[in-house]
Protein chains: 2
Amino acid sequence: MPRPRQALLTRQRIIDTAAELIDTEGLDAVSTRRLAAQLGVRGPSLYNHFPNKDAILDAVADEITADVDIGCFATHEWPDALRVWGRSYRAALAAHPHIVPHLARGPGRRPRALAMADAVYGGLVRAGWPPARATHIGALMRYLVAGSALGSFARGFASDPAIYISSDYPHLGQAHRLAAHQHEVDEGAFELGLEAVIRGLQITYEEVVGGAHHRPHGTESSAPTRR
Amino acid sequence: MPRPRQALLTRQRIIDTAAELIDTEGLDAVSTRRLAAQLGVRGPSLYNHFPNKDAILDAVADEITADVDIGCFATHEWPDALRVWGRSYRAALAAHPHIVPHLARGPGRRPRALAMADAVYGGLVRAGWPPARATHIGALMRYLVAGSALGSFARGFASDPAIYISSDYPHLGQAHRLAAHQHEVDEGAFELGLEAVIRGLQITYEEVVGGAHHRPHGTESSAPTRR
DNA sequence: GCGAATAAACTAACGGTGGTAGTTTTAGTC
DNA sequence: GACTAAAACTACCACCGTTAGTTTATTCGC
């Protein structure tokens, strides 16, 4: 009916309900009408609180980013900070895999996503990494995290054994069992990648930064040029 | 118009036109009616050739997978094979970034994607990697490639400088310039990650496989536990 | 305290979406 | 030459995001 005595909707209530709907039924299940129905309301009412549907999804995405640990860059050496951040970043996204495609488009204007980028970049530069490299490392970690949270690698394989019988796939005889080991495969692959990347970066760090943490500035452009 | 003397549609023509539409206008622009219009036809006619829209997108995704070099696993040592495969995999996806979210859900039943998984897994196992590790490496590479092709890291930052002025983001003063260096940043981050991963894996390889390529089985659990 | 402005719900509607049913005509097969 | 299958069509269906305009309650300025 018309304006109620007590407001039925809050930004926060909309965000929470949307997140719940996304988690339980997937991104496609979130229509303005369905979300509104879940809230006991009528669709267009959402537009009193958000300019459009995308803004709702943005708010959900930013909410999720709040669970990521970025304090570690102030308290740990950079390799450990990358480890802690990377794991909490992945855990936050993997808990809500259905919005990862939306989230992975970048921080955009989401304040918490920007704060995360700021902490990572700042921490790496403070540790002595050249700015362009710090950018690369941040990007690379996002690749790993988003790629791993985007969709389960293991679940991507159909669990119907018949598919893999074809002689075209001589090595996939056991692939139908992957889905059952989803968690182990995805987690294990991420950990393997995280450790490999950090180990590889430590070698690069020695080469590039060497022993001196405070390098004379001006030798490395802040604009990420490479030619 | 009833059945024409010469068929207006072909599976291949639909795939090609859909790919073109995706590349030029994005995934959202692909509706059955728009795609049909581009083909000089009326929407429902597509359903004579594909069971639903998703099958069309699947076919486009598989077409793109055809450009990936998987022969390298037969001709190169595993570290070089990973390099060649990874680069061509990423190049194929980055050429069509708009379908990556669709593609990244896994091989499903797409034959070329399955053939790729088969070649990678087979190649790594033949090189001496334990099966569980081979699975992890394949997953890990997909994370890196899909994460990097999914959406440009650099383009994810708004190019409006005003956003980054806030004192909440003390290190992002130059972030608005990222978009201009998109290609360099994305490419550089991927290369950094690829090399770091391979270097890290080579260390693991020495530890796990050692000099002997044929290790007695049973010493390595298939579950990648770390505690 | 009162009038004006704002806020928060609603109904109705627009154009677009994926998909289905049923029709017509052609092409190919026994 | 009769039958079947294929490939286009028209006409829908229910749903989608969004806008416009309405109604009523609250809040703010004087």
Side-chain angles (χ1 to χ4, degrees), chain A residues 1-61 98-99 101-103 105 108-109, chain B residues 1-62 98-99 101-103 105 108-110:
Chain A
M1 282 279 164
R3 182 176 211 211
R5 281 112 207 289
Q6 176 70 26
L8 303 177
L9 295 179
T10 321
R11 271 184 69 94
Q12 194 58 47
R13 211 162 85 76
I14 296 172
I15 293 171
D16 293 344
T17 308
E20 198 183 312
L21 198 53
I22 290 170
D23 286 346
T24 56
E25 308 213 36
L27 198 56
D28 291 345
V30 182
S31 74
T32 55
R33 287 166 173 82
R34 273 202 71 177
L35 175 54
Q38 198 88 3
L39 288 157
V41 119
R42 284 293 182 129
S45 298
L46 297 171
Y47 290 85
N48 286 318
H49 302 265
F50 288 92
N52 52 46
K53 183 186 168 181
D54 226 53
I56 299 177
L57 299 182
D58 265 9
V60 174
H98 290 128
I99 15 158
H102 183 87
L103 203 145
R105 294 193 312 207
R109 310 176 123 77
Chain B
M1 232 169 265
R3 179 175 217 219
R5 283 113 205 286
Q6 173 71 27
L8 302 178
L9 295 179
T10 320
R11 270 184 71 95
Q12 195 57 48
R13 212 162 85 76
I14 294 173
I15 294 170
D16 292 344
T17 308
E20 198 183 313
L21 198 52
I22 289 170
D23 286 345
T24 56
E25 310 213 35
L27 197 56
D28 292 344
V30 181
S31 74
T32 55
R33 286 163 174 79
R34 273 203 71 178
L35 174 55
Q38 199 87 2
L39 288 157
V41 121
R42 286 288 183 140
S45 299
L46 297 172
Y47 292 86
N48 286 318
H49 302 264
F50 289 92
N52 52 44
K53 183 185 168 182
D54 227 53
I56 300 176
L57 299 181
D58 265 10
V60 174
D62 212 43
H98 290 128
I99 16 158
H102 183 89
L103 203 145
R105 294 192 314 209
R109 310 175 123 78
R110 290 180 282 117

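Per chain, numbering begins at 1; letters A, B, ... match sequence-line order. These figures come from a predicted structure and were not determined experimentally.
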Tell me which residues in residues 21-42 of chain B put a heavy atom below 4.0 Å from DNA chain C, sorted by number, or none.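 Residues of residues 21-42 of chain B that come under 4.0 Å of DNA chain C are, in numerical order, B/V30, B/S31, B/T32, B/R33.
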Identify, residue by residue, the members of residues 44-57 of chain B with a heavy atom below 4.0 Å from DNA chain C, and return them in order of residue number, or none.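 Heavy-atom contacts with DNA chain C come from B/P44, B/Y47, B/N52, B/K53.
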Qualifying residue for side chain to side chain contact (heavy atoms under 4.5 Å, CB included) with B/V30, from B/T17, B/I99, B/I22: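 The single option meeting the side chain to side chain contact (heavy atoms under 4.5 Å, CB included) with B/V30 is B/I22.
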In the structure I gave you, are the side-chain heavy atoms of [X] and [Y] within less than 4.5 Å of one another anywhere?
| X | Y | result |
| --- | --- | --- |
| B/F50 | B/L9 | no |
| A/H102 | A/D58 | yes |
| A/L39 | A/L8 | no |
| A/L103 | A/L57 | no |
| A/L35 | A/K53 | no |
| B/E25 | B/H98 | no |

